[in-house]
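Chain A is the first sequence line, chain B the second, and so forth, proteins listed ahead of strands; every chain is numbered from 1. Worth saying up front: this structure is predicted, and the values here are computed from it rather than measured. All values below come from the heavy atoms of this structure, side chains included, with hydrogens, waters and symmetry mates left out.
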Amino acid sequence: MLNYAIRRLLMAVPTLFLISLMIFSLLKLAPGDPLSQLPLTIPPEVREKMRAALGVDEPLIVQYLLWLKQFFVIEPLRGFDILFGTHLSDGMQRIISWQTRGPVFSMIAERLPQTLLVVGLAYIVGVLIAVPIGIVSAYKQYSVFDQIGTFLSMLGLAVPPFFSGVLAILIFAVYLDWLPTIYNTNLIVNSWSNFTEQFLQMAMPVMVLAVQTIASISRYLRSSMLDNLEQDYVRTARAKGMGENVVVFIHVLRNSMIPVVTVITLGLPSVFGGAIVTEQIFRVNGIGQLLITAIYANDVPTVQTLAFIFAVLIVVFNLIADLLYGVLDPRIRYD
Amino acid sequence: MEVSDLQTVFWSRRTRIYAANGVSFHLNRGELLGVVGESGSGKSVTMMSLLRLLPSPPAEIVSGRVRLGDRDLLSLDPSEMRKVRGGEVGFIFQDPMTSLNPVFTVGYQLMEPLRKHLGLGRSEARKRAIELLSRVGIPSPQDRINDYPHQFSGGMCQRVMIAIALACDPKVLIADEPTTALDVTIQAQILELVQKLRQEMGMSVIWITHDLGVVAGIADRVMVMYGGLVVECAAADDLYANPRHPYTRALLETVPRADMAGQERLKSVGGQPPHLTVFPTSCPFAPRCPHAFDRCRSERPPLMPVGEGHDAACWWDVIEGSPRDDV
Amino acid sequence: MLRMVSLLAGAGVASLVATPALAERGTDGVVNILSWQAPSIMNPYLSGGEKDTDAASLVLEPLASYDENGELFPRLAAEIPTVENGGVAKDLKSITWKLKPGLKWSDGTTVTAKDVVFTANYCMDPKGGCAALARFQGVDKVEALDDLTVKVTFKELTVVPYTLFVAMWSPIIQAKQFADCLGTKAPTCTEANFYPVGTGPFVVANFKPNDAVQLKANPNYRDPNKPAFAGVNFKGGGDALGAARAVLQTSEYDYAGMLQVAPDVLSKMEKGGKGKLLSVFGTNVETLFMNLTDPSASLPPEERSTDKHPHPILSDVRVRQALSMALDRARLSEIGYGSMGKPTCDFVPAPPIFAAGNTECLKQDIPGAVKLLDEAGWKPGPDGIREKDSKKLKLTFVTTTNATRNQFQAIIKQWWHEIGVDVELRSLDASVFFSSDPSSPDTYQKFYADVQMWTNYSDAPDPGEYVATYTCNKAPLPDKQWQGSNVPRYCDTNYDALVKELGKTAAIEKRAEIVKKLNTILSDSYAIMPLVWRSSVSATSKTLGGYVGSGDSRFWNAQDWYRRK
């Protein structure tokens with residue numbers, strides 16, 4: 001399995017290079033200008049100088065190679081410096097955002113906590129709620145519970161967060177006045193009251209995001225459970241005198257979770273990617289919001305770096321999903 | 001074991017399927033009862049109903065009694081029923097490859113009933129599991145106990161299934177077409193194995209098959225089913241020598257024999273098996289029966305004694321060549 | 001010379017009235033500001049975007065600023081230099097600023113004239129990419145005469161010398177902090193760009209670009225009793241509607257600005273009584289621009305949309321006038337902006353002294369427009385669309401993707417259709433439309449269309465620079481990489497001559513007269529058609545006291561804000 005993993009990782013290298021080149025070319029081909037958000041009162045000759053200062057006018061190959069060097073040499077060195085207190089990267093030009101003139105990686109590091117907290121928690125909560133719903137819906141197929149569950153999941157999948165988010169704000173913030181609508185990223189949790197505040201400000205975005213996870217994962221688990229409940233081995237387990245709990249939660253669930261775990265793993269890169277719409281609505285200002293503002297501002301270095309990190313995450317989590325499949329299903333062996 | 005008037009119905013949205021329509025039979029201690037019939041004759045449904053293994057809904061056991069020792073299995077509460085399953089009655093199924101759970105080791109699946117019914121600890125269960133595996137003829141069982149089902153061949157899987165069914169020394173083993181999915185040489189090995197184990201352990205066996213030939217050599221008695229009903233039941237030798245129901249006779253003609261001349265074509269039972277969407281009030285075989293007459297179409301024949309330990313459900317007396325008028 | 005009222009005394013009076021006498025620095029807790037566009041940098045020289053310059057104005061201060069009436073008042077300067085007080089040379093070629101004595105940076109060091117000189121060097125470095133560079137153009141040298149005196153010498157006679165070091169776009173930065181940030185190193189000074197040392201009422205405590213900024217009261221602010229607030233919590237993200245909601249409905253925040261939200265929605269929110277709306281009319285005018293050159297795709301790229309080929313339809317002033325007469329500006333204003341907009345015929349709507357106040361365009365006159373088109377030789381065709389020499393009267397009308405603008409497009413199309421003009425509508429993403437990428441065919445400067453609509457404005461109360469945007473030499477051309485502010489390619493020697501005269505006129509009344517004349521010339525040319533004078537709308541909570549919108553920055557008087565009890 002280790003060999004397999006190493007082989008897969010090596011195979012990913014040219015893929016990722018190709019992806020980075022494609023991201024870069026697409027960004028360069030797309031119309032837009034990093035200075036388009038500036039006031040029209042700034043005259044053209046000044047804009048020209050500002051563009052030159054950003055390095056927009058360098059030859060494309062130079063820009064690309066510079067980015068490669070910054071991403072694969074300077075930024076890792078910088079990380080090494082921070083970890084071990086060395087000074088290897090001093091004086092080297094890190095990847096700098098055109099919008100903020102600050103290092104892109106510092107912004108990512110600044111925003112990752114809230115994204116992981118909100119989007120990650122929503123994912124965990126979503127999966128934890130989805131699993132029992134999926135099991136009961138399948139075990140009691142066509143029951144009232146299953147019908148309601150099916151209806152609500154359809155609703156959860158069909159209603160986009162820009163609607164459910166605003167609806168939640170109207171109900172819980174405007175009318176009931178229970179929850180804040182704005183996420184305070186500077187809140188430091190060090191006391192009970194801070195913790196309550198943090199909990200309250202996370203409630204709505206987590207709720208809105210979890211609904212989607214619940215809807216899709218519970219549907220997935222339900223159909224997987226249904227497939228497995230019809231299998232012969234279920235009859236065997238019952239014929240052996242096993243109780244329904246053992247039959248459902250050990251025999252059927254273990255088999256049904258194999259594809260579901262894969263789906264959950266493949267969904268994990270999106271946790272790091274943040275949730276663009278929900279982050280915007282509740283002003284969580286995580287990775288998703290960083291990406292969308294960078295896109296609006298034509299901040300090529302930021303968009304390029306984020307898009308590439310997502311590509312790496314997707315490749316890595318695909319590999320993890322494959323390896324997990326091998327761990328969960330004894331019929332699959334990577335030799 | 002004694003079964004009387006067992007009736008099982010499947011409900012679907014619009015229709016009902018009458019799968020078993022008042023099945024009665026008994027099983028003596030230590031005997032091997034062969035149950036024969038076409039696909040859809042209700043033999044599997046009947047046997048699964050005995051242990052209430054059919055999922056409900058859609059299946060519903062409408063009536064009947066299944067006496068095992070001095071208890072009625074159909075009125076047991078679920079937890080006692082589970083003690084019977086796998087404990088007193090073992091079950092093996094048609095397709096051994098899919099009947100084992102692919103993600104657990106055979107050892108785990110074999111130890112499950114041991115720990116549940118016999119209350120064995122981990123290491124004891126393991127010891128007994130190895131013993132059982134070796135008893136059903138699996139080589140080097142202490143190694144193979146950690147293997148997964150996909151690492152076994154079909155025949156070996158069926159041996160594992162037999163080991164699971166016999167794990168707790170059941171009084172009755174129900175084998176539902178256990179050899180159908182296996183190739184012929186393996187079939188013979190499995191038959192031999194079951195025969196051997198039956199003698200060693202002294203249990204009763206119900207052997208379901210659609211192949212009269214398979215049970216010929218091993219069964220003590222044979223029960224023929226058609227349309228959810230028992231149509232004939234007799235000692236094996238008697239039934240083969242002297243079939244009294246037209247369906248049994250037709251069925252016997254389909255069995256290839258060694259003394260058959262090369263040119264002779266195999267016969268088949270003409271017509272189609274019945275649709276079981278209504279409760280049978282006439283003889284279900286009547287539409288395909290060469291001897292059918294008016295009474296067959298208006299009144300359902302009950303199982304009637306036609307000889308010593310020989311029952312048949314037919315208004316026509318094949319010996320006399322005339323309708324039975326004594327009933 | 002601009003009429004200069006030192007507002008130092010005035011501001012003092014205002015704050016005495018507004019603030020309880022016992023107010024002390026930092027006693028009113030934190031003020032919460034919500035900006036749906038969060039600041040991305042605290043150094044206005046590297047951004048120029050309003051979201052950044054406004055936030056930076058809480059920290060960095062220029063020598064002088066404009067107040068809500070568009071009048072200059074001294075910040076770091078002791079007084080506004082004028083010819084009368086000798087601060088401006090008689091030949092209008094130099095200006096001498098005197099700093100207030102005893103000024104301290106937020107780190108406790110003294111502010112000197114050297115910092116001012118350094119600021120000029122920082123921005124004028126050609127490799128630094130300084131956004132305010134235009135304010136430093138024409139400067140010959142900036143020198144420190146002593147610790148408190150700075151003299152700026154211009155290359156030529158300069159009638160409005162209040163460009164550099166004036167208003168939030170051009171604040172003074174600390175020489176010590178930015179010493180290693182000159183030229184190409186400017187963008188790499190992240191620490192200085194995020195946490196500038198300033199003289200304003202607040203200092204940055206925590207900067208998260210495009211997300212949140214925390215500021216605390218500057219311990220060395222020159223007025224020991226100010227600011228009343230101990231800190232500012234500046235939060236960004238989301239959209240304008242959500243920002244309005246957070247102030248007007250849930251009262252989580254004290255202030256939200258740039259609320260480009262449908263007027264009826266805003267006024268409904270305001271009725272909740274938790275906050276109030278404030279419309280500030282600056283110089284923003286939503287305007288139609290007519291292309292006076294031929295944008296036809298059949299022309300070679302170096303001649304398309306240039307003065308080599310006049311526009312086949314729009315070069316006739318009668319057609320342009322007819323198009324203008326078909327518009328009902330009052331209705332557009334009502335539909336799109338409600339009380340937040342006013343119909344206008346002037347491209348210079350403010351300050352009042354410069355506004356021509358023309359009104360003749362406000363009345364819609366469809367029959368008059370029809371008559372003009374008939375006179376111009378455009379006769380109705382069989383399908384109702386006018387034709388001349390078998391050429392259809394058809395125009396392409398482009399604007400940015402935005403609910404109000406797209407609504408305007410549809411309404412205008414309807415009106416023009418009534419007078420027999422066929423209109424094809426297009427809308428483009430703002431970042432594409434306002435891009436200065438010369439290879440993109442869709443930029444507003446390239447103008448590969450017949451009509452465009454966007455908002456133009458002046459960033460200084462004196463419109464001298466603003467009116468100069470429409471001189472002949474400012475037309476975008478391919479050999480200038482399509483850069484140029486004269487988007488309609490308007491060219492009138494009379495106009496150019498008047499602009500030149502304005503550049504030599506210092507007396508304010510005289511200047512106002514010329515600007516009004518220029519405004520009327522341009523309006524009568526119908527090359528640009530002002531539609532709606534737009535206000536900038538902000539919302540404040542009931543408990544935020546002392547907020548006065550719109551000096552040069554929305555937060556120009558943050559030192560005077562307080563918590564209403």
Enclosure of F145(A) CZ (heavy-atom neighbours >12, cutoff 6.0 Å): yes
Heavy-atom proximity to chain B below 4.5 Å, by part of V234(A): neither
Those residues that, when tested against V66(B), pass side-chain contact (heavy atoms from CB on, under 4.5 Å) (two or more places apart): M1(B), V3(B), L6(B), L50(B), D72(B), L73(B), L74(B)
Region of M97(B) in contact with chain A, defined by heavy-atom distances below 4.5 Å: neither
With A167(B) via side-chain contact (heavy atoms from CB on, under 4.5 Å) - residues at least two apart: L110(B), P113(B), L114(B), L132(B)
Counting backbone as well as side chains, what donor-acceptor pairs lie under 3.5 Å between chain B and chain A?
from	atom 1	to	atom 2	distance (Å)
G86(B)	N	A239(A)	O	3.1
T98(B)	O	Y233(A)	N	3.2
T98(B)	OG1	D232(A)	OD2	2.5
S99(B)	O	T236(A)	OG1	2.6
N101(B)	OD1	N255(A)	ND2	2.7
N101(B)	ND2	H251(A)	O	3.4
N101(B)	ND2	H251(A)	ND1	3.0
Q109(B)	O	K240(A)	NZ	2.9
E112(B)	OE1	K240(A)	NZ	2.8
E112(B)	OE1	H251(A)	NE2	2.9
E112(B)	OE2	H251(A)	NE2	2.8
H117(B)	NE2	K240(A)	O	2.7
H150(B)	NE2	P330(A)	O	3.4

Per-residue contact mode, I258(A) against chain B (heavy atom under 4.5 angstrom): side chain
More than 12 heavy atoms from other groups under 6.0 Å of CE on M154(A): no
Heavy-atom pair with the smallest gap, counting every atom of P102(B) and P330(A): O-CG, 3.2 Å
Those residues that, when tested against I171(A), pass side-chain contact (heavy atoms from CB on, under 4.5 Å) (two or more places apart): L167(A), L176(A)
Side chain / backbone / both / neither for M161(B) at chain A, heavy atoms under 4.5 Å: side chain
Proximal component of L100(B), with respect to chain A [non-hydrogen, under 4.5 Å]: backbone
